[in-house]
Peer 1: 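Sharing a structure, written as structure tokens. Questions coming.
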Amino acid sequence: MKKTGAWLATYALEQIGARFTFGIPGVHTTELYDELNNSQRITPVLVTHEGGGAFMADAISRLSDSIGVLTVVPAAGLTHASSGIGEAFLDGVPMLVICGGPRTDVDFRYQLHQMDMHKFMSGLTKATFRVASHDQVAPMLLEAYAIATGGEPGPVFIEIPANILLLTGEVDALPSYVAAAPPPPAAAEDIDRAVELLKLARHPCLFVGWGARDAVDSVTRIAEWLQAPVTTTLQGISVFPGNHPLHAGFGFGASAVPAAQNAFKDCDCLLAVGTRFAEIATGSFGVDVPENLIHIDINPDVLSANYPAKVGIAGDAGTLLKQLIEALEAATPKRPLQTALRERIKSDKQAYRESWCKHDAPQLVNPARFFDGLRSQMADDGIVVIDDGNHTFLTAELMTFHAPKSVILPTDFNCMGYAVPAAIGAKLAHRERSVQAIVGDGAFMMTCMEIVTAATNKLGVIYYVFNDGELSQIAQAQEIPYNRKPCTVLGKVNLAGVAQATGAAYLHIADNDGIAEAIRSANQTASKGVPVIVDVQVDYSKRTAFTEGAVKTNFRRFSLGQKARVLTRAVMRRITG
């Protein structure tokens, strides 16, 4: 049979259950977009910038059983998308990056957009493919999907030359997608060693990351069986319910909130699941990890990379944690209710929140009061998309999340500008659920025009813009040692004007008294399919536990001479103004 490469690519995407593609059509991909438009299963979404499309695809992969797909032109389209591809790569998010390529049926060099895209993509993807003939299109896409979703997930790049997409070619048969075999169980001796460590522990603790996102029930059963406190990584803040009495917070080291620090103070056995112990998760590597570390992660290279594991098990968290809880229940009695631990966590959380509520400032919004208001009007399964900045850690420390996969955010790649487009992807994945973004004004300015895509598709996403006129996370980091904030004060932006330009509604929260009504009004407007920009005049003067802890951790690593230099400069600048 004769088929175009575009038809074959669309067929393959239908086989793997793709629901959306994101991008901007160009001369290399017109045939592909025409075929996608014919599909009854796939909706091609036009974006305003390929970087935004990549973040939308990222959200689809994180929040649904479908994979996010980019369809871009070579060179400029691909480089624009690279930030979102890189975010998916470092965060372990599957993605297919389908790119048109220069023609291979002509001998001319220096074609439009011609560059070595595979060299460019090699450091941002798990694998790259170049289709050489029509009969490779569908099989190669199915193989790319298997790689993207297998092991530690990540993006895969596929170049399909323009002539193969446009012209027909002979293919012998159409392959069908065959789901991968379930992951194998862990060796019994590894599970037994983990059980023995947990059995002997006086104060076991759990530290869980995004890798455990589909194992929430098992994590909860283990925590309750052991009566162990649980903290999460930043990316994994919805992996364990925030309203569970054993939930202590985000992180557990010097950069964690008091509830987490106190709950983990006497930890003598740590079960860490789905985490790399990366810089943000550990507050700049400021955690004390006990000798008895049980580390479970799908990537074997992660085990003992930063902290030595007494027991390291590579594999799928869902499979391994089921084995572990069954073995625990068979080998150990359930521990009695740790009332004192639960009360300490509860009182520490309450005291921390009260410390924020005592920090009210006139004509500004207290972050703790804002998040209390948001939580009270948001369903448990409501989705929050967070950008990168000071607001990230405010959200992690002051907002509770009750349902699994109800929060997504950029972490290891740490890309500003994520939330506006990713929230659109989240809403496309779950139109029936509320979606709100928490985004700083600096990050908002990077991608705010993507709200046009939300308005065009009638997506009622709410954007809470924490507006203080600075790049606050970096400004705070500068102010402590330098007593100045170069290049972190933003230019003025009229958020009401942005709303008018993009087809969004606009609301303003000037102080604490306006929080409840603005959130109520935003929800009502969003329910009609209209995106909403809420201008939050936030008070950033109180620093998060994460910021203070990370600064102290890094300062402690300085030599005595460097400490003296930094302190002397800071003191002199404060004296001289």
Side-chain angles (χ1 to χ4, degrees), residues 5-6 8-13 15-16 18 21-29 31-32 36 50-51 53-58 60-61 67-105 109-166 169 175 177 180 298-299 301 412-413 415:
L8 294 164
T10 302
Y11 165 82
L13 291 175
Q15 285 286 299
I16 60 174
T21 66
F22 302 93
I24 300 174
V27 293
H28 295 77
T29 57
E31 188 75 16
L32 176 60
L36 290 169
E50 287 91 349
F55 293 136
M56 293 179 204
D58 171 296
I60 291 290
S61 291
I67 189 169
V69 182
L70 277 176
T71 45
V72 298
V73 296
L78 187 62
T79 58
H80 285 340
S82 61
S83 290
I85 297 168
E87 189 69 59
F89 181 61
L90 288 193
D91 287 1
V93 176
M95 184 184 293
L96 291 181
V97 183
I98 301 175
C99 184
R103 297 183 68 110
T104 56
D105 59 343
R109 297 169 62 190
Y110 312 116
Q111 294 182 48
L112 178 67
H113 297 326
Q114 190 166 22
M115 62 175 279
D116 189 341
M117 295 184 289
H118 298 267
K119 184 182 292 185
F120 176 59
M121 282 285 103
S122 63
L124 293 176
T125 58
K126 292 180 70 176
T128 74
F129 292 89
R130 179 187 285 114
V131 172
S133 60
H134 285 77
D135 60 356
Q136 290 182 350
V137 174
M140 205 168 272
L141 278 169
L142 297 184
E143 183 182 356
Y145 176 75
I147 293 171
T149 55
E152 182 176 21
V156 175
F157 173 72
I158 309 100
E159 176 188 350
I160 309 178
N163 52 296
I164 291 179
L165 285 171
L166 179 64
Y177 171 66
I298 201 165
N299 183 351
D301 294 337
D412 290 344
F413 202 79
C415 198

Peer 1: Look up atom OG1 in T10 and atom CD in Q15, then write down how far apart they are to the nearest 0.5 Å.
Peer 2: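 If we round to the nearest 0.5 Å, T10:OG1 and Q15:CD are 12.0 Å apart.
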
Peer 1: Quick one: does any side-chain atom of N299 pair with a main-chain N or O of G151 as donor and acceptor, under 3.5 Å?
Peer 2: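 Side chain of N299 to backbone of G151: no pair is present.
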
Peer 1: Is there a side-chain contact between L13 and I98, using heavy atoms and a 4.5 Å cut-off?
Peer 2: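 Yes. Closest side-chain heavy atoms under 4.5 Å.
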
Peer 1: State whether the side chain of Y11 and the backbone N or O of P175 hold a donor-acceptor pair below 3.5 Å, judged by distance alone.
Peer 2: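 Checking the backbone N and O of P175 against the side chain of Y11, a donor-acceptor pair under 3.5 Å is found.
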
Peer 1: From I67 CD1 over to L96 CG, what is the distance, rounded to the nearest 0.5 angstrom?
Peer 2: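 I67 CD1 to L96 CG: 4.0 Å, rounded to 0.5 Å.
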
Peer 1: Looking at every non-hydrogen atom in both residues, tell me the closest pair between I24 and V73 and how far apart they are.
Peer 2: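 That closest heavy-atom pairing would be O-CG1, 4.2 Å.
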
Peer 1: State, with a plain yes or no, whether a side-chain heavy atom of L78 is found less than 4.5 Å away from one of I85.
Peer 2: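 Side-chain contact under 4.5 Å: yes.
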
Peer 1: How close do F89 and P155 get, counting heavy atoms only, and between which atoms?
Peer 2: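 Closest pair (atom of F89, atom of P155, distance): CA-CD, 3.5 Å.
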
Peer 1: Please examine the side chains of L142 and I16, heavy atoms only from C-beta on, and report whether any two atoms are closer than 4.5 Å.
Peer 2: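 A side-chain contact under 4.5 Å exists here.
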
Peer 1: Strictly distance-based, threshold 3.5 Å: is any side-chain N or O of E87 a donor or acceptor partner for the main-chain N or O of F55?
Peer 2: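 Side chain of E87 to backbone of F55, a donor-acceptor pair under 3.5 Å: no, none is there.
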
Peer 1: Looking only at non-hydrogen atoms, find the nearest pair between V137 and G5 and report the distance.
Peer 2: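 Between these two residues, the closest heavy atoms are CG1-O, 3.7 Å.
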
Peer 1: What are the two closest heavy atoms between T149 and P153, and how far apart are they?
Peer 2: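 Heavy atoms of T149 and P153 come nearest at O-CG, 4.5 Å.
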
Peer 1: Any chance you could measure M56, atom CE, to L70, atom CG, to the nearest 0.5 Å?
Peer 2: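 The CG atom of L70 is 10.0 Å from CE of M56, to the nearest 0.5 Å.
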
Peer 1: Please report the shortest heavy-atom distance between C415 and S83, naming the atom on each side.
Peer 2: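 It is SG-CB, 3.8 Å.
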
Peer 1: Could you tell me the separation between the CE atom of M117 and the CZ atom of F157, rounded to the nearest 0.5 Å?
Peer 2: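 Reported to 0.5 Å precision, the distance equals 4.5 Å.
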
Peer 1: Identify the two heavy atoms, one from H28 and one from G100, that lie closest to each other, and give their separation to 0.1 Å.
Peer 2: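 Heavy atoms only, the tightest pair is CB-CA, 4.1 Å.
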
Peer 1: For the CZ atom of F129 and the CD atom of Q136, what is their distance to the nearest 0.5 Å?
Peer 2: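 That separation rounds to 10.5 Å.
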
Peer 1: Using side-chain heavy atoms (C-beta onward) and a distance below 4.5 Å, is L32 in contact with I160?
Peer 2: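 With C-beta onward as the side chain, the pair stays apart.
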
Peer 1: What distance separates E159 CD from T104 OG1, expressed to the nearest 0.5 Å?
Peer 2: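 Nearest 0.5 Å value for the CD-OG1 distance: 9.0 Å.
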
Peer 1: I need the single residue from V72, T128, T71 that forms a side chain to side chain contact (heavy atoms under 4.5 Å, CB included) with C99. Which is it?
Peer 2: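 Among V72, T128, T71, the one meeting side chain to side chain contact (heavy atoms under 4.5 Å, CB included) with C99 is V72.
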
Peer 1: Got P161 and V131 here, is their nearest side-chain heavy-atom distance under 4.5 Å?
Peer 2: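 Yes, their side chains come closer than 4.5 Å.
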
Peer 1: Run D412 and D91 through side-chain contact (heavy atoms from CB on, under 4.5 Å) and show every step you take.
Peer 2: CA-CA 6 Å; D412 290 344; D91 287 1; 3.8 Å; yes

Peer 1: Keeping H134 on the side-chain end and I164 on the backbone end, is there a donor-acceptor pair under 3.5 Å?
Peer 2: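 At least one qualifying donor-acceptor pair exists.
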
Peer 1: Could you tell me whether the side chain of P94 reaches within less than 4.5 Å of the side chain of K126, counting heavy atoms only?
Peer 2: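 K126 vs P94: side chains apart.
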
